[in-house]
Amino acid sequence: MIVYEYPFNERIRTLLRLEDLYEKFKFFVAQEHPLQHHVALATIFDMLEVAGRADLKSDLLQELERQKQSLLGYRSNPAVARDTLDAVLAELDTVSNALVNAQGKTGQNVRDNEWLMSIRGRTIIPGGACEFDLPSYHAWQRRPTKQRHADIMAWFTPLAPLFEALALVLRLLRNSGGPVKMIASSGSYQQMLQGKVYQMLRLSVDESLGAIPEISANKYMLWVRFTTQGGDLKPKPLEEDVPFELTLCNF
């Protein structure tokens with residue numbers, strides 16, 4: 001099954017973009033080649049661009065606190081597994097405290113590093129990080145793998161609390177809904193949402209069907225149109241019935 005996610009608002013869209021960048025960063029920083037570490041460093045610069053909103057940290061803290069208060073209401077429910085509930089509450093406290101203790105604006109340590117900012121300025125230009133443009137960066141790339149890895153992780157570490165917080169928020173969001181089996185008749189599916197506000201949609205479809213969803217949604221209606229790819233990979237309308245699973249997520 002392939003899972004497609006669709007954010008209903010800009011806040012969730014930002015969190016999903018940061019999550020995608022973090023997955024990319026974790027992969028490339030764990031590699032050994034200088035070019036792979038270049039991608040890891042460039043990804044940190046991309047993170048700063050996406051996380052540049054001043055209210056992102058406060059948004060996450062407010063959401064974590066709201067989730068904590070909501071979960072505390074289940075303590076008196078005998079049907080709730082107390083150990084599991086306590087573990088989630090403890091995780092909420094740990095992540096919130098780490099985010100509160102993160103000093104300054106997100107990524108300020110990178111912005112204050114003139115050498116890193118010089119690299120950032122050149123990476124915006126296609127091919128701008130060549131050795132004749134940035135000889136000091138070229139020399140750094142020739143350092144031992146362990147040293148390069150240690151440097152990159154030191155630059156990323158102040159960002160870690162933000163990514164731990166958004167990972168927890170997205171995990172709670174994804175777990176908030178249950179999948180429902182649907183059929184897209186002749187490749188198309190519509191559902192009235194009757195003004196109910198959702199944060200995110202998750203759609204799962206069998207990979208072997210070759211069906212790719214194009215999703216459009218607001219608080220009134222959800223519309224999914226499935227396409228497929230031909231030899232030129234250009235999307236083409238899929239006219240057959242498509243079974244899929246739909247999950248509407250909301251805090």
Side-chain angles (χ1 to χ4, degrees), residues 3-23 25-26 46-108 156-180 191-204 215-222 245-251:
V3 178
Y4 296 88
E5 294 183 329
Y6 181 87
F8 277 76
N9 55 63
E10 189 61 31
R11 183 180 65 158
I12 301 301
R13 185 175 289 110
T14 297
L15 296 186
L16 290 176
R17 284 175 174 158
L18 285 169
E19 180 187 53
D20 181 74
L21 288 172
Y22 184 44
E23 292 301 316
F25 170 78
K26 287 192 296 183
D46 290 342
M47 290 173 176
L48 297 185
E49 288 291 332
V50 179
R53 295 194 309 128
D55 58 345
L56 180 59
K57 179 178 175 180
S58 60
D59 278 354
L60 287 170
L61 285 171
Q62 290 174 11
E63 188 57 51
L64 291 169
E65 180 61 26
R66 198 171 72 83
Q67 290 299 313
K68 178 182 176 180
Q69 296 304 320
S70 177
L71 291 172
L72 284 172
Y74 290 101
R75 277 183 177 268
S76 59
N77 190 331
V80 173
R82 186 63 178 267
D83 291 345
T84 302
L85 178 60
D86 288 344
V88 175
L89 288 170
E91 186 178 5
L92 283 166
D93 282 337
T94 300
V95 171
S96 294
N97 291 335
L99 190 56
V100 168
N101 293 330
Q103 300 295 320
K105 187 177 179 181
T106 301
Q108 193 61 43
F156 173 79
T157 295
L159 294 169
L162 179 77
F163 285 90
E164 291 172 0
L166 74 85
L168 179 54
V169 167
L170 287 176
R171 193 180 86 212
L172 293 172
L173 178 59
R174 289 175 175 126
N175 291 338
S176 68
V180 179
Q191 179 178 329
M192 300 299 295
L193 300 180
Q194 300 174 336
K196 186 172 181 180
V197 178
Y198 292 98
Q199 303 287 330
M200 184 171 67
L201 172 158
R202 305 189 80 219
L203 188 154
S204 303
I215 303 169
S216 177
N218 54 41
K219 63 181 180 180
Y220 301 107
M221 177 175 284
L222 160 65
E245 291 184 352
L246 178 66
T247 306
L248 292 171
C249 306
N250 192 28
F251 290 124

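Bear in mind the structure is a predicted one, so any value in this text is a computation, not a measurement.
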Inset, instruction - Would you indicate whether the side-chain heavy atoms of L248 and Q191 approach each other to under 4.5 Å? - result: yes
Inset, instruction - Kindly compute the distance separating CD (Q199) from CG (N9), expressed to the nearest 0.5 Å. - result: 5.0 Å
Legend entry - Separation of R13 CZ from L18 CG (nearest 0.5 Å): 13.0 Å
Inset, instruction - Check T106 against L48 and note the closest heavy-atom contact, atom names and distance. - result: O-CD2, 4.2 Å
Inset, instruction - Determine whether M200 and L16 make a side-chain contact, defined as any pair of heavy atoms from C-beta on separated by less than 4.5 Å. - result: yes
Legend entry - Option passing side chain to side chain contact (heavy atoms under 4.5 Å, CB included) with V95 (candidates L61, V169, L64): L64
Inset, instruction - Could you please spell out the steps behind the side chain to side chain contact (heavy atoms under 4.5 Å, CB included) verdict for L168 and Q67? - result: CA-CA 10 Å; L168 179 54; Q67 290 299 313; over 6 Å; no
Legend entry - P179 versus T247, closest heavy-atom pair with distance: CA-OG1, 3.2 Å
Inset, instruction - Would you give the length of the straight line joining atom OG of S96 to atom CD of Q62, rounded to the nearest 0.5 angstrom? - result: 11.5 Å
Inset, instruction - Return the minimal non-hydrogen interatomic distance between L170 and L15, and the atom names on each side. - result: CD1-O, 3.9 Å
Legend entry - Side-chain donor/acceptor of N97 to backbone N/O of D93, under 3.5 Å: yes
Inset, instruction - Using modelled atom types only, decide if a donor and an acceptor are shared between the side chain of T94 and the backbone of A90 within a distance under 3.5 Å. - result: yes
Legend entry - Nearest atoms (heavy-atom pairs only) where L193 meets N218: CD1-O, 3.1 Å
Inset, instruction - Can you measure from CG (L21) to CZ (F163) and round to the nearest 0.5 angstrom? - result: 7.0 Å
Inset, instruction - Using modelled atom types only, decide if a donor and an acceptor are shared between the side chain of S176 and the backbone of N250 within a distance under 3.5 Å. - result: yes
Inset, instruction - Would you please test L222 and I215 for side chain to side chain contact (heavy atoms under 4.5 Å, CB included) and show each step? - result: CA-CA 8 Å; L222 160 65; I215 303 169; 4.0 Å; yes
Legend entry - Rounded distance [0.5 Å steps], NZ in K68 versus CG in L92: 8.0 Å
Inset, instruction - Could you tell me the separation between the CG atom of L166 and the CG atom of D59, rounded to the nearest 0.5 Å? - result: 12.0 Å
Legend entry - Chi angles and distances behind the side chain to side chain contact (heavy atoms under 4.5 Å, CB included) call for R174, R171: CA-CA 5 Å; R174 289 175 175 126; R171 193 180 86 212; 5.8 Å; no
Inset, instruction - Just say parallel, tilted or perpendicular for the rings of F156 and Y22, cut-offs at 30° and 60°. - result: parallel
Inset, instruction - Please report the closest heavy-atom contact between L99 and K57, naming both atoms and the distance. - result: O-CE, 3.0 Å
Inset, instruction - Measure across L173 and C249 and return the closest heavy-atom pair with its distance rounded to 0.1 Å. - result: O-CB, 3.3 Å
